[in-house]
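Only one structure is covered here, and it is reproduced in the block below.
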2 protein chains.
Amino acid sequence: MDNNLDLFFAAIADPTRRAVVERLVEGPASVSELHAPHQMALPSFMKHLGKLEEAGLVRSVKSGRVRTLHIEAAPLADAEAWLNRQRGQWSRRLDRLQALAEANEEVSQ
Amino acid sequence: MDNNLDLFFAAIADPTRRAVVERLVEGPASVSELHAPHQMALPSFMKHLGKLEEAGLVRSVKSGRVRTLHIEAAPLADAEAWLNRQRGQWSRRLDRLQALAEANEEVSQ
DNA sequence: GAGATTGTTATCCATTTGGCTAAGTTACGC
DNA sequence: GCGTAACTTAGCCAAATGGATAACAATCTC
């Protein structure tokens with residue numbers, strides 16, 4: 001029911017950020033670990049991390065000079081729920097249509 | 001496995017466009033029907049419809065002067081699958097951690 | 001066939017996004 | 001305490017986004 005789906009979906013619309021998520025579901029990681037596989041300059045990359053955190057998809061704590069990020073499962077579930085609701089609605093509609101079609105067949109027999 | 005998740009997630013990151021999707025899962029509708037509940041000017045609104053179609057979430061056919069849009073279920077399912085994979089991975093990790101913790105308890109008893 | 005409906009095309013504009021470099025700051029490690 | 005590692009801040013830039021208006025095109029309806 002809560003609505004930061006805007007930020008969430010915007011966050012995972014970017015391939016770099018989806019890659020970060022795919023890494024983080026394996027477990028927490030530091031900024032440089034996350035950055036390593038990506039070409040771009042660190043400050044650019046940090047902006048992506050910022051978006052993820054802003055969307056509530058990721059949390060982070062800094063200890064000493066290293067910041068460790070971990071994923072937050074709840075928003076993933078919320079977004080999945082929204083998608084699932086839409087698909088559910090759509091398929092309920094298909095069912096109704098099919099029922100209607102069958103009823104019509106009976107009549108015309 | 002196909003990867004237009006970029007466009008798909010970007011498409012549903014916007015509240016106007018999510019509202020359109022929520023309407024379209026109830027059944028097809030014309031441009032003006034879809035536009036009616038929204039404040040914005042029609043050309044602005046049409047850009048949103050364009051994004052949805054570009055993302056493959058929506059198809060449309062024009063007959064006479066009215067264009068009718070309907071939703072395409074497959075991309076919804078693909079996106080849901082991606083989210084579900086991430087959550088799955090994350091919870092598998094939690095399970096491993098818990099197993100580890102329990103193993104440790106046994107040792108220390 | 002005149003007028004209203006329903007889209008469409010063409011511009012314009014401010015803001016956001018996603019990249020960069022350069023120059024800090026903070027904490028280890030020797 | 002010096003140097004390096006690990007971010008962080010500031011500022012620049014081009015392109016994309018999300019809105020607007022104005023004018024056009026096509027098709028119903030009377």
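What you see below is based on every heavy atom in this structure, not just the backbone, and it leaves out hydrogens, waters and symmetry mates. Quick caveat, the model's predicted, so the values are computed rather than measured. In the text below, chain A, chain B and the rest are named by the order of the sequence lines, each starting its count at 1.
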Heavy atoms, side chains only, cut-off 4.5 Å: are B:Ser91 and B:Arg96 in contact? no
Protein-nucleotides 21-28 of chain C N/O pairs closer than 3.5 Å?
none

Between A:Thr16 and B:Ser30, which has a closest nucleotide on DNA chain C that is more 5'? B:Ser30
Distance, rounded to the nearest Å, where A:Met46 contributes CE and D:dA10 contributes C1': 14 Å
Rounded to whole Å, please give me the gap between CG in A:Leu49 and C1' in D:dA6. 13 Å
With a 3.5 Å distance limit and no angle check, can you tell me whether A:Glu33 reaches the backbone of A:Ser30 through a side-chain donor-acceptor pair? yes
Atom-pair distance (CZ on A:Phe45; P on D:dA6), nearest Å: 14 Å
Mind calculating the distance between NZ (A:Lys51) and C1' (C:dT16) to the nearest angstrom? 8 Å
Residue A:Lys47, side-chain heavy atoms: nucleotide from C:dG18, C:dT8, D:dG19 that is nearest: C:dG18
What is the distance, to the nearest angstrom, from the NE2 atom on A:His38 to the C1' atom on C:dC20? 17 Å
Measure from CE on A:Met40 to C1' on C:dC20 and round the result to the nearest Å. 11 Å
Listed nucleotide nearest any side-chain atom of A:Val31, set C:dC20, D:dG18, D:dC7: D:dC7
Could you tell me whether B:Arg87 and A:Glu80 make a salt bridge, using a distance below 4.0 angstrom between a side-chain N and a carboxylate O? yes
Could you state the atom-to-atom distance from CG of B:Asp14 to C1' of C:dT15 in whole Å? 14 Å
Heavy atoms from C-beta onward define the side chain here; which of D:dA6, D:dG19, D:dT8 lies closest to that of A:Arg67? D:dT8
Contacts under 3.5 angstrom, residues 43-60 of chain A side chains, donor-acceptor by atom type, not counting sequence neighbours:
unit_1	atom_1	unit_2	atom_2	d
A:His48	ND1	A:Arg17	NH1	3.1
A:Glu53	OE1	A:Ser60	OG	3.3
A:Glu53	OE2	A:Ser60	N	3.3
A:Glu53	OE2	A:Ser60	OG	2.9
A:Ser60	OG	A:Arg67	NH1	2.9

Trace of the side chain to side chain contact (heavy atoms under 4.5 Å, CB included) decision for A:Leu69 with A:Val20: CA-CA 10 Å; A:Leu69 309 236; A:Val20 169; 5.9 Å; no
With side chain to side chain donor-acceptor pair (under 3.5 Å) as the criterion, how do B:Trp82 and A:Glu22 come out once you've worked through the C-alpha distance, each side chain's angles and the decisive distance to 0.1 Å? CA-CA 10 Å; B:Trp82 184 85; A:Glu22 286 170 354; 2.7 Å; yes
Length of the line joining B:Glu33:CD and C:dT5:C1', which is rounded to integer Å: 14 Å
Has A:His48 got a side-chain N or O lying under 4.0 Å from the OP1 or OP2 atom of C:dT17? no
Using side-chain heavy atoms (C-beta onward) and a distance below 4.5 Å, is A:Met40 in contact with A:Thr16? yes
